[in-house]
Amino acid sequence: MTMDCVKKPAVGLISLLICCVLLGPVSVSAVAVPEATTEATTEAASAVTTAVSTAATTAVTTEATTETAPAGDDKAIEICTIDAIDAAFKTYERSESPEQIKRIQLLLRVFGYDPGYIDGRMGKDTDGALARLCQDYKVDEYLMTNEQTKDDPLKYLAARLITILEEPGPIKQNGVDCGCSREFSAMVYGFYPYLLARGEEQNIDFSLFDRIGFNMQVLDKEGDIPNRLQWSNENVSGKSIAKFISKAHKHRVKVDLTFYASDWQSWSEKTIDNAVNNIVETASQEFHGSGAILWRGLFPESIDGINLYFDEYTLSADSNRLVDIVESLAEELKKKGSAAKLNIILGLDRPGISKEHFIKFKVHFNRLRDILVDEDETIENVFIFLTKDTSKSKKALRQVVENAFRGDERKKVLRKIVPIIKLAEIDLEPSPGNDKGESQFDDDLVYLNDNYAGVGLWPLPLKSTSDAKKIEDALINNYRADDGLNYLGEKLNEYAPGLCKFVCPNRILFYLASGLLAGLLVIYALLALWNCRLREIYRRNFFYFLALFILIPLILVISLVCDPAWDKRIDRVVIGVLLLVIVGIGWRSIRKAVQPPLP
């Protein structure tokens with residue numbers, strides 16, 4: 001009976017007291033209670049004459065302890081928290097100096113984890129950025145399961161995060177079933193941060209982008225590039241870069257390389273020269289890939305443009321120094337005969353920037369006139385981060401340009417600016433009161449299309465991104481160029497939607513195939529003029545030759561229809577080809593009719 005009175009933990013010590021009162025003293029060793037409550041039970045048994053209220057209070061406390069901390073369970077170790085990261089970096093030897101912390105902050109900024117100001121101090125913003133990185137890369141799971149680190153995961157936390165930042169994996173992209181870059185009504189630019197490459201195969205929808213910027217090479221205070229990350233021909237990363245650029249080019253997407261300059265305001269003329277030389281050397285690098293197609297190994301791949309990222313472009317920034325850097329780089333590229341396009345990125349998305357603060361940049365934009373509206377077209381595009389409240393910041397940015405420039409200059413500058421929206425800040429929820437169900441992102445795209453050169457996405461969405469389909473639909477719906485100049489292409493996509501997705505990335509093969517077949521037919525026809533046996537083969541297999549005659553222009557027409565480079569001319573080209581075929585058939589028929597019979 002004693003066991004029955006106390007065997008359920010929910011009864012707690014009140015039941016024990018009742019049993020003790022009814023049955024007299026009992027042995028504590030005979031009472032079956034959970035291990036977590038043994039100590040409390042022993043104390044209650046020794047104090048059986050204590051007041052009932054005190055016993056009841058003790059029972060409630062014991063019951064709560066039993067539910068929240070089961071016997072034998074260790075308390076879960078929280079790793080990806082701000083407190084844990086702050087403690088880990090305080091004891092980590094590689095994060096003792098401000099320069100080391102500053103580099104960590106730079107790398108976080110490069111990947112889009114905003115650490116706040118780049119000041120070389122571990123603060124709340126930097127800890128928060130590292131916590132988000134820790135969560136996204138599931139560092140806690142890695143440290144808790146790895147044989148070397150699972151016994152003391154917090155000891156290895158800082159080292160693991162720095163390894164992720166400084167040692168990215170090779171780039172592996174497939175781009176399957178996406179087709180070539182679409183002919184949108186405005187530019188769509190995607191930024192690919194180096195940390196996005198994790199050594200796993202990823203799927204980029206190349207059809208959504210005109211250009212992709214690889215982020216990025218970090219220039220230090222001396223103008224050097226201490227860590228070139230994947231951008232090296234000395235290891236497997238070189239081949240992965242070559243494949244990445246090759247795949248983008250196959251889909252008609254240009255690739256730019258971004259250089260991040262954090263200390264640019266303190267650069268001397270000597271440092272500027274050094275930085276320019278390093279940029280040109282890195283941007284001119286050629287990568288030799290490998291693959292099943294012969295020319296991928298024979299012809300090297302290289303980038304198409306350069307992005308210069310000037311961070312901390314505040315009201316006190318030295319705009320003249322920025323102009324000097326850009327002009328020096330443009331001059332050096334010209335000397336080298338490089339065709340690379342030059343763009344600049346201005347970091348204006350700092351905490352505390354409001355619409356009113358944004359408008360004060362009128363003076364800064366005015367100072368950039370020499371590189372924005374010059375006859376040499378030094379700058380192709382200007383990328384500017386919008387603040388989180390895109391509905392206000394996009395209009396404030398326009399007002400800056402309106403106030404800083406006039407007439408044709410204003411038009412030129414607006415058509416060079418590409419506002420950047422951070423992927424994490426895209427609002428895809430239907431806007432309140434919008435009967436069409438359009439989101440804030442839809443509104444942003446329409447406004448940017450109407451007032452600027454296009455939109456930049458930082459980072460670009462992979463197909464595995466949770467909202468990738470919604471972003472794709474928004475871009476297609478708002479940027480589709482329906483000018484009616486490619487009727488054949490529209491019909492082909494309507495009846496065979498997957499055909500051009502295959503043909504366009506492989507258009508070179510289709511052009512070669514049609515040219516090779518046409519060349520063989522021409523050679524055969526010339527040889528048949530002197531060889532009766534070849535003419536006899538032609539007569540016996542006329543229908544096979546006829547099928548070949550039809551196949552050649554068919555392959556050519558499909559290649560042209562699916563090639564966006566011919567998008568606005570293909571209808572006229574096809575009509576011209578058909579007219580030539582009709583004229584040729586007519587001429588042959590007339591010639592045959594008037595030709596006298598052979599003797």
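Any value given below was found using the heavy atoms of this structure, including those in side chains, with hydrogens, waters and symmetry copies removed. The structure presented is a predicted model; accordingly, all values stated were derived computationally and were not measured.
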Treating Ser328 as the side-chain partner and Asp324 as the backbone partner, does any N or O pair qualify as donor plus acceptor under 3.5 Å?
yes
Trp458 ring center near Phe383 ring center (under 6.0 Å)
no
Closest non-hydrogen atom pair, Ala453 against Ala186
O-CB, 3.7 Å
When you measure from the side chain of Asn478 to the backbone N and O of Leu475, does any donor-acceptor pair fall under 3.5 Å?
no
Is there a side-chain contact between Asn343 and Val418 in this structure, where contact means two heavy atoms from C-beta onward sitting under 4.5 Å apart?
no
Under a 4.5 Å cut-off applied to non-hydrogen side-chain atoms, are Phe385 and Lys422 in contact?
yes
For Val255, does its backbone N or O pair with a side-chain atom of Arg211 as donor and acceptor, under 3.5 Å?
no
Is Cys80 close to Gln135 at the side-chain level, that is, under 4.5 Å between some pair of heavy atoms?
yes
Just list the side-chain donor-acceptor pairs under 3.5 Å for residues 152-161, sequence neighbours left out, or say none.
none

Is a side-chain N or O of Asp205 found less than 3.5 angstrom from the main chain of Ser207, in a donor-acceptor match?
yes
What's the shortest heavy-atom distance between Cys180 and Pro505, and which atoms?
SG-N, 3.6 Å
Identify the residue among Val401, Val400, Leu372 that makes a side chain to side chain contact (heavy atoms under 4.5 Å, CB included) with Ile417.
Val401
Student check: side-chain heavy atoms of Phe259 and Ile225 closer than 4.5 Å:
yes
Asp263 side-chain N/O to Ser266 backbone N/O, donor-acceptor pair under 3.5 Å
no
When rounded to the nearest 0.5 angstrom, what is the spacing between NZ in Lys388 and CD1 in Ile426?
13.0 Å
Check whether any side-chain heavy atom of Asn307 lies under 4.5 Å from a side-chain heavy atom of Phe214, and answer yes or no.
no
Just verifying a value: how many Å separate Asn274 CG and Glu269 CD, rounded to the nearest 0.5 Å?
13.5 Å
Those residues that, when tested against Pro461, pass side-chain contact (heavy atoms from CB on, under 4.5 Å) (two or more places apart)
Phe209, Leu423, Leu457, Thr465, Ile471
Does the pair Lys395/Asp389 count as a salt bridge with the N-to-O cut at 4.0 Å?
no
CG of Leu143 to OG1 of Thr149, rounded to nearest 0.5 Å, is 4.5 Å
What's the separation between atom CD in Gln105 and atom CG in Leu130, rounded to the nearest 0.5 Å?
9.0 Å
Give, for atom NZ of Lys102 and atom CG of Asp119, the distance between the pair rounded to the nearest 0.5 Å.
9.0 Å
Test item: Tyr137 side-chain N/O and Tyr142 main-chain N/O as donor-acceptor pair under 3.5 Å:
no
Could you check if a side-chain atom of Leu322 sits within less than 4.5 angstrom of a side-chain atom of Ile371, using non-hydrogen atoms only?
yes
Answer yes when Arg252 and Glu183 have at least one side-chain N-carboxylate O distance shorter than 4.0 Å, and no when they do not.
yes
Does the ring-ring contact (aromatic ring centres under 6.0 Å, His included) test come out yes or no for Phe244 and Tyr192, once each step is laid out?
CA-CA 11 Å; Phe244 176 75; Tyr192 186 94; 5.4 Å; yes
Electrostatic pair Lys90:Asp86 at N-O distance under 4.0 angstrom
yes
Rounded distance (nearest 0.5 Å) linking atom CZ of Arg182 with atom CZ of Phe206:
14.5 Å
With a 4.5 Å heavy-atom cut-off, do Ile204 and Leu460 have their side chains touching?
yes
Which heavy-atom pair separates Gly223 from Thr271 by the least distance, and what is that distance?
N-CG2, 3.7 Å
Should Asp443 and Lys394 count as an ion pair when the cut-off is N to O under 4.0 Å?
yes
If we only count heavy atoms from C-beta on, is the Ile379 to Ile344 side-chain gap below 4.5 Å?
yes
With the threshold set at 4.0 Å, does a side-chain nitrogen-carboxylate oxygen contact exist between Glu147 and Lys150?
yes
So, Lys416 and Glu380, do they make that salt bridge, N to O below 4.0 Å?
no
